[in-house]
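Take a look at the structure below.
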Amino acid sequence: MSRGRVGVIVAPANPSAEPELTRLLGSRADMHVTRFPVHRGVSLAERLESYNEALPGMVCAFDGLPLDALVMACSESRYLLGPDDDADQCARLSASTGVPFASSTQATREAVEHVGVSDIVLVSPYQPWLTELAERFWKTAGLNVTQVVQVRAAKGGYSSYAVTPAELITQVERAEVPGDAVLLFTGTGMATLPVLGPLSAGNDRTLLTSNLCAAWWALSRAIGEHVTLSRVPYRRHMAEQGRRPA
């Protein structure tokens with residue numbers, strides 16, 4: 001099987017997108033990464049705005065490298081936009097580059113449609129104001145947000161980069177999420193692969209994460225074949241290889 005090529009645009013300090021996408025893409029696609037410019041001494045909102053503004057230029061950072069798919073692995077900045085504006089920009093960038101392009105939020109919308117769900121529990125590590133924007137985004141996109149689980153790190157507070165898998169598991173379990181719920185973990189910078197097994201054991205939950213959806217979207221285009229997104233895709237993939245999830 002020929003390997004696809006996926007270009008990824010990520011925030012400067014994101015510690016999880018590349019490791020998780022690498023594992024999810026596996027041997028079927030190579031990943032090539034560029035990072036947004038660093039902006040010091042500005043507010044979070046201003047920094048996120050700068051990512052949206054820089055995006056059209058960032059897709060050119062790969063120059064002549066042939067790519068099969070392009071992904072913006074950053075959800076936070078897209079919540080400053082509405083879902084329609086997000087989708088429209090993705091469509092424009094796909095047309096201008098000739099390469100299928102999606103933000104992580106657009107990829108998630110397509111994954112949710114693929115799975116066929118309408119109700120979600122939103123799990124967010126963001127500051128409360130940004131979590132509210134995320135909830136509004138998904139409601140505007142047509143989803144019914146039945147519950148919001150606000151998680152935070154013991155060290156670092158509201159930060160997708162600082163929340164540990166153990167903290168994430170504990171806080172989701174403490175929220176008493178229904179056993180048949182669809183959980184959407186937002187944030188490409190939050191380590192989520194290690195929690196998929198523990199939080200899906202002994203129940204009928206569907207677990208979706210920003211990185212999982214981005215990898216599914218990119219891989220479908222990179223290899224030119226339909227990729228099925230199962231209830232816990234990563235767990236199944238690891239089981240097929242005779243290994244346990246990390």
Side-chain angles (χ1 to χ4, degrees), residues 9 17 24 45 48-49 51-52 55 69-95 100-151 160 168 172 175-190 192 195-196 199-200 203-221 226-234:
I9 305 170
L24 289 163
L48 297 179
E49 285 279 11
Y51 296 162
N52 289 333
L55 181 58
L70 263 169
V71 175
M72 176 186 180
C74 179
S75 300
E76 289 175 284
S77 62
R78 309 312 278 179
Y79 291 136
L80 301 183
L81 307 175
D84 288 344
D85 288 341
D86 182 29
D88 287 346
Q89 186 179 43
C90 290
R92 290 196 304 271
L93 291 175
S94 295
F101 175 90
S103 60
S104 55
T105 41
Q106 179 63 22
T108 299
R109 289 182 67 185
E110 295 190 25
V112 167
E113 182 178 353
H114 170 76
V115 175
V117 300
S118 57
D119 297 350
I120 63 167
V121 173
L122 182 64
V123 183
S124 170
Y126 306 143
Q127 295 178 20
W129 68 269
L130 189 51
T131 295
E132 291 179 8
L133 288 183
E135 181 181 5
R136 183 188 307 169
F137 181 100
W138 293 114
K139 286 181 176 179
T140 304
L143 295 177
N144 179 30
V145 181
T146 61
Q147 183 179 354
V148 177
V149 180
Q150 179 83 67
V151 299
S160 56
L168 184 54
V172 170
E176 299 182 348
V177 175
D180 60 350
V182 178
L183 278 67
L184 174 56
F185 297 81
T186 184
T188 63
M190 182 167 62
T192 49
V195 313
L196 298 185
L199 288 177
S200 64
N203 58 60
D204 294 319
R205 292 172 181 155
T206 296
L207 306 181
L208 299 173
T209 78
S210 295
N211 286 331
L212 183 62
C213 294
W216 167 80
W217 183 91
L219 191 59
S220 297
R221 283 133 186 98
H226 178 74
V227 177
T228 300
L229 188 59
S230 62
R231 191 174 73 88
V232 189
Y234 181 66

[Y] and [X], any side-chain heavy atoms less than 4.5 Å apart:
X	Y	value
Leu168	Val123	yes
Thr209	Leu196	yes
Leu81	Thr105	no
Tyr126	Leu133	no

Restricting to ring-ring contact (aromatic ring centres under 6.0 Å, His included), what partner residues turn up for Phe101, sequence neighbours left out?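 Phe101 satisfies ring-ring contact (aromatic ring centres under 6.0 Å, His included) with no residue once adjacent residues are dropped.
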Rounded distance [0.5 Å steps], [atom1] in [X] versus [atom2] in [Y]:
X	Y	atom1	atom2	answer
Glu76	Leu130	CD	CG	5.5 Å
Leu184	Ile120	CG	CD1	4.5 Å
Leu183	Ser200	CG	OG	10.0 Å
Leu55	Met72	CG	CE	5.0 Å

Leu70 and Leu93: CA distance, side-chain angles, deciding distance, side-chain contact (heavy atoms from CB on, under 4.5 Å) verdict: CA-CA 10 Å; Leu70 263 169; Leu93 291 175; over 6 Å; no
For [X] versus [Y], what's the shortest heavy-atom pair and its separation?
X	Y	answer
Asn203	Gly179	CB-O, 3.4 Å
Ala45	Trp129	CB-CH2, 4.0 Å
Leu24	Ala215	CB-CB, 3.6 Å
Cys90	Gln106	SG-CB, 3.9 Å

Partners meeting side-chain hydrogen bond (donor to acceptor under 3.5 Å, both in side chains) with [X] (sequence neighbours left out):
X	result
Gln150	Thr131
Ser77	Asn52
Trp216	none
Tyr79	Trp138, Thr186

Tell me, which pairs form a salt bridge (charged side-chain N to carboxylate O under 4.0 Å, His left out) where one or both residues lie in [range], sequence neighbours left out?
range	result
residues 208-219	none
residues 122-141	Glu135-Lys139
residues 107-119	Glu110-Arg221

Any donor-acceptor N/O pair, Ser210 side chain to Gly187 backbone, under 3.5 Å: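 Yes; judged by distance alone, with no hydrogens or angles, the pair exists.
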Checking side-chain contact (heavy atoms from CB on, under 4.5 Å) for the pair Leu208/Thr108: CA distance, chi angles, key distance, verdict? CA-CA 8 Å; Leu208 299 173; Thr108 299; 5.7 Å; no
State which residues pass side chain to side chain contact (heavy atoms under 4.5 Å, CB included) with Ala175; sequence neighbours excluded, sorted by chain then number.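 For Ala175 the side chain to side chain contact (heavy atoms under 4.5 Å, CB included) partners, ignoring immediate neighbours, are Gln147, Val149, Val177.
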Can you list the residues that meet the side chain to side chain contact (heavy atoms under 4.5 Å, CB included) rule with Ser104, with sequence neighbours excluded?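 Testing Ser104 for side chain to side chain contact (heavy atoms under 4.5 Å, CB included), a comparison that skips the adjacent residues, returns Ser75, Thr188.
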Applying side-chain contact (heavy atoms from CB on, under 4.5 Å) to Ser220 and Val227, what does each step give before you reach the verdict? CA-CA 5 Å; Ser220 297; Val227 177; 3.5 Å; yes
Going by the rule salt bridge (Lys or Arg N to Asp or Glu O under 4.0 Å), which residues pair with Arg78 if we only count those two or more places apart in sequence or in a different chain?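 Expected list: Asp86.
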